[in-house]
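Comments concern the structure below.
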Amino acid sequence: MALQIINAGPPPEEIAERIRTAIAQAMPEAEIVVHPENPGHFAITVIDAVFEGLSRVKQQQRVYGAIADLMAGPSPPVHAIDRLECKVP
Amino acid sequence: MALEEAVHQEIKELVGASDVVLFMKGNRQAPQCGFSATVVGILDSMLPDYQTVDVLAAPHIRDGIKVFSSWPTVPQLYVRGEFVGGCDIIQEMFGSGEIYETLGVEKVEVVQPKIEVSAPAAEALTLAAEEHGGPGRELHLVVDASFQSNLSIAPRTPADVEAIISGASTEFVILLDPISAPRADGITIDVADTPNGQAFKVDNPNAPKVQKMSVKELKAVLDANEPIELLDVRTPEERAIAAIPGAVLLNEEEAARIEGLPRETKLVLHCHHGGRSHQAAEQFIALGFSQVFNVIGGIDAWSQEIDPDAPRY
């Protein structure tokens, strides 16, 4: 049998909450929904007036920039964002 | 998250080093991930020249570029110092045609490829289109860099071109992306029986084939100092008996070096009589090389026609 160790990380709901908090800190007015998908994968929807007039790339950079810490390092809590929707209210 | 000043400075210089800079896994000749390969394919179709940075070779850049761009994935495209996007966004911009303006290149009008479809193939394609297609979902033909064809049903993008179909009265369209279109001009689609049932059979006259080179032509090429890679696919024992001057033994190390070369590099392969080298040549064609030559008659012909001092065996 392979000597595989499964390290239990924090539950997905807790990581989702950390994502939410990190985005809220950078974008205090935003309405934020974070859905855990597969382990380490999340789907995020952010609705904020600051997105007005920004290109899709610039909108997404605002969100990715806010959660960069959670995605950095050799085994980060957030492995990938499967979907990121940025909307203007 | 703050980026170390030195790393920030290094990335800033990389981004500014050229008008178009792609941070990717691997390099332009040998991308090491599918997303990087997709972006390279798109850029290659529009630009003769651009800069790539292999993040696999520099872990601090691999981590650093994500912070620098506020973007969590690689590849990442920069144009004139501005972050443009990753794979999804580049594909989308290519589909809409927006990428031409971003890169500042003329949009090339893609010629509609002519495709011949046999009657049984037309019938099967009509059926497939009716069964799996629907509003906005149509038949696509992709011809990749190794000239392998692939049929699928997918949404139409603004960049797609319609093939001009001949040979059968058809109720369907075949769409091609702008990279596949020129590679597909003149192909025929037929059906063939396989052990797993019927399948489409595509014959593509554009697919590069192994070309023949006589020993006289080889001598002329060598005398003219033309840039070629002359590869000897025999065993080291055979090489000890006789060798063509300038030929390099194709061992694993050498094969790896060749794989990293531009695909238009002229490769000339020889063995004892031309059989083994033909097989090796086919493999380089499959890797996407377009200029692959097999020396007819191998070193035996070389001994007889060019250099009588090279012992025959």
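Source: prediction; values computed, not measured. To find a chain, count down the sequence lines: A is the first, B the second, and so on, and within it residues start at 1.
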Using distance only, find each side-chain donor-acceptor pair of residues 14-37 of chain B under 3.5 Å and give its atom names and separation, not counting sequence neighbours.
| residue | atom | partner | partner atom | Å |
| --- | --- | --- | --- | --- |
| B:Asn27 | OD1 | B:Gln29 | N | 3.0 |
| B:Asn27 | OD1 | B:Ala30 | N | 2.7 |
| B:Arg28 | NE | B:Asp44 | OD1 | 2.7 |
| B:Arg28 | NE | B:Tyr50 | OH | 3.4 |
| B:Arg28 | NH1 | B:Pro48 | O | 3.2 |
| B:Arg28 | NH2 | B:Asp44 | OD1 | 3.0 |
| B:Arg28 | NH2 | B:Leu47 | O | 3.4 |
| B:Arg28 | NH2 | B:Pro48 | O | 3.2 |
| B:Gln32 | NE2 | B:Ala30 | O | 3.1 |
| B:Ser36 | OG | B:Lys25 | N | 3.1 |

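- The local environment of CZ in B:Arg80 is crowded, with over 12 non-hydrogen atoms from other residues, nucleotides or ligands closer than 6.0 Å.
- Among the residues in residues 35-61 of chain A, those with a non-hydrogen atom closer than 4.5 angstrom to a non-hydrogen atom of chain B are A:Arg56, A:Val57, A:Lys58, A:Gln60, A:Gln61.
- The environment of CD in A:Glu31 is sparse: at most 12 heavy-atom neighbours from other residues, nucleotides or ligands sit within 6.0 Å.
- What you find for B:Ser70 and A:Tyr64 is that their closest heavy atoms are O-CB, 3.1 Å.
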